[in-house]
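Following: one structure in structure tokens, then a few remarks.
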Amino acid sequence: MALLEVNDIHTYYGNIHALKGVSLSVEAGEIVSLIGANGAGKTTTLRTISGLLRPRQGSIKFKGEDLASFPAHDLVYKGISMVPEGRGVFSRLTVQENLEMGAYSRKDNIASDLERIFGIFPRLKERRKQVAGTLSGGEQQMLATGRALMSRPSLLLMDEPSMGLAPILVEGIFDTIQEINQEGTTILLVEQNALMALQVASRGYVLQTGEVVLEDTAENLRKNQMVQNAYLGIQ
Amino acid sequence: MEFDFTRFAEQLINGLTVGSFYALIALGYTMVYGVLTMINFAHGEIFMMGAYIGLFSLNRMVDAGLYERSPITAIILTFLAGMAGAALTGVTIERLAYRPLRRAARLAPLISAIGISIFLQEFVRILPAMGEQVMGLRIAGNPIFPPGWQEAVIGVLEDFGGVQVKTYPGIFTTDGFYLGEVYVTYSRVIILVISMLTMVGLWLLVKFSRLGKAMRAVSEDKDVAALMGINVNRVISQTFLIGSALAGLAGVMQGMFYLQIRNTMGFVPGIKAFTAAVLGGIGNIPGAMLGGYTLGLAEVIGIQFLPAIYKDVVAFGLLVLILIFKPTGILGEALTEKKM
Ligand SMILES: Nc1ncnc2c1ncn2[C@@H]1O[C@H](COP(=O)(O)OP(=O)(O)O)[C@@H](O)[C@H]1O
Ligand SMILES: [Mg+2]
């Protein structure tokens, strides 16, 4: 049984049919990449999985349980956590408070988790008292990632973590993604940066105007002619 | 006109007292604006409901002899009842009149708020008359309710509301003390102390408690707050609960210290407190406190130079000036839609 099974979901914005039957699955321990051009429906897919949007049709199963009846705020208790597009840090809360909000779903002591996050991102420790709005883009990405990890998720959804970051920082982000995965967190990674995404992932899906047009191992996708032309900039 | 320092000092203390009311009520406007980006124009009526429910409870305790035996207990219970009643009113309004309109155009909840405001004013005013009509209902010529009930029910409703002004029992006297040459009544000191302690408590709650942090997270981004596991609707309810309880506290204080209450009593303080919230920076909690005291003081300073009846002109002139020259208020950010 896969950790996450998305089966033929259709999501709408009013009359706009944004997802036209998306199916995908993520096995425990994997990094799976979802790539596609701007507007393909990647964010919509993640927001539907996380419960912020409701599919009009289709089902989402996590650890075998159908998520249809749960509001978004219950999912973190089940083990799903998300780094939203554009990072979504609470800009008027301090770095530390943002991390505490990440652990809102937990009743136990979070001190060791804070230390773990500060171990991964030492910059956050230096700035723990600072309000998040004053952080640089790269630091905000670290914060959003660290915050999502504070709930100790079994599945981490990441929406374009490399967006808007200097190339030198992008490498670091993907290193961190692998590190987090090696420590036992399964990751569904949405990226426009297909090159990097397919390097860290074991499998991938290609999304085009709300539909999965291709799915394969990351290695095969990197060699695929269509992927090379459309997403890797190789002619 | 000669400058009379003693009188001016007395006016300043007066300004602080009035400012306490503005600040307490302004907090409700600002907290609700923080989580919903909407102005709850029924907030003045929540203040009024607090005063009415407080008085009704106090009357019951007077009847039961509790007030005579233990006035302090009765006074504290009156405050608690007024706060609880106002809180219940606020939470109910949010649930019934605002939540269904959460995704509607921005004007819709505003109109709903104005409707609720009129509804509550009229509800309090016509409650006894309404009771009389209901109790007089007949089926096939026979009264539904036994005649004995009628009197009891109408009596209770008349004790609660009605057309006339209602009066709190005079609990606090004009006793006081001299600070230099300035006479300060104990009741003003009590108002200041209760208000300030409450506001410090609120500040601590917002800054340090789990709920306070969740409120701040919700006010920044509801979707991301939900991803954290925060039940956004519950936090919004709790925000109405706290903001309304503060208005209820102000309502009971109004009754206890100024004695007379009426169904329209929420209107002017409501608008003044809204002014205070904008003055401090709408959505900003310390701003609401600062704005309340600034407005209270500005009024009393203004009437040093102008006839006293210009007090409201000072307050609303200030509102217009802020909206023109510094719409963000003293501590706030711009009035924007981005937080929705
Ligand atoms: N809030 C919205 N309202 C209406 N349409 C939207 C909204 N968000 C996204 N869309 C539309 O849904 C489609 C998928 O968008 P999105 O999931 O954001 O794509 P991606 O993340 O792959 O760039 C696009 O056509 C986009 O215009
Ligand atoms: Mg996107």
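In the text below, chain A, chain B and the rest are named by the order of the sequence lines, each starting its count at 1. FYI, side chains are in, hydrogens and waters are out, and symmetry mates aren't considered; it's all heavy atoms of this structure.
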- With respect to chain B, which residue among A/Gly102, A/Ser91, A/Ser151 yields the maximal number of heavy-atom pairs within a distance under 4.5 Å?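 The residue among A/Gly102, A/Ser91, A/Ser151 with the greatest pair count is A/Ser91.
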- Query: Of the backbone (N, CA, C, O) and the side chain (C-beta and beyond), which part of A/Phe90 lies under 4.5 Å from a heavy atom of chain B, both, or neither?
  - Reply: both
- Item | Interface moiety of A/Leu75 toward chain B, non-hydrogen atoms closer than 4.5 Å |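 For A/Leu75, there is no contact with chain B at all, as no heavy atom is under 4.5 Å.
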If you look at every heavy atom in [X] and [Y], which pair is closest and at what distance?
X        : Y        : result
B/Ile230 : A/Met101 : CD1-CE, 3.3 Å
B/Met228 : A/Tyr104 : O-CB, 3.5 Å
B/Leu227 : A/Met82  : CD1-CE, 3.9 Å
A/His73  : B/Val232 : ND1-N, 4.5 Å
B/Gly229 : A/Val76  : CA-CG1, 3.3 Å

- How about residues 203-215 of chain B versus chain A: which residues have heavy atoms under 4.5 Å apart? B/Lys207, B/Arg210, B/Lys213, B/Ala214
- Message: Can you tell me if A/Lys20 has over 12 outside heavy atoms packed within less than 6.0 Å of its NZ?
- Response: yes
- Message: Is it the case that atom CZ in B/Arg234 sees more than 12 heavy atoms from other parts of the structure closer than 6.0 Å?
- Response: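 No, CZ of B/Arg234 has 12 or fewer neighbouring heavy atoms, counting only those of other groups under 6.0 Å.
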- Message: Applying ring pair (Phe, Tyr, Trp, His ring centres under 6.0 Å) as the test, list every pair that has at least one member in residues 7-48 of chain A; sequence neighbours left out.
- Response: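 Only A/His10-A/His17, A/Tyr12-A/His17 qualify under ring pair (Phe, Tyr, Trp, His ring centres under 6.0 Å).
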- Find out whether A/Arg92 and B/Arg216 are in side-chain contact, i.e. whether some heavy atom of one side chain is under 4.5 Å from a heavy atom of the other. no
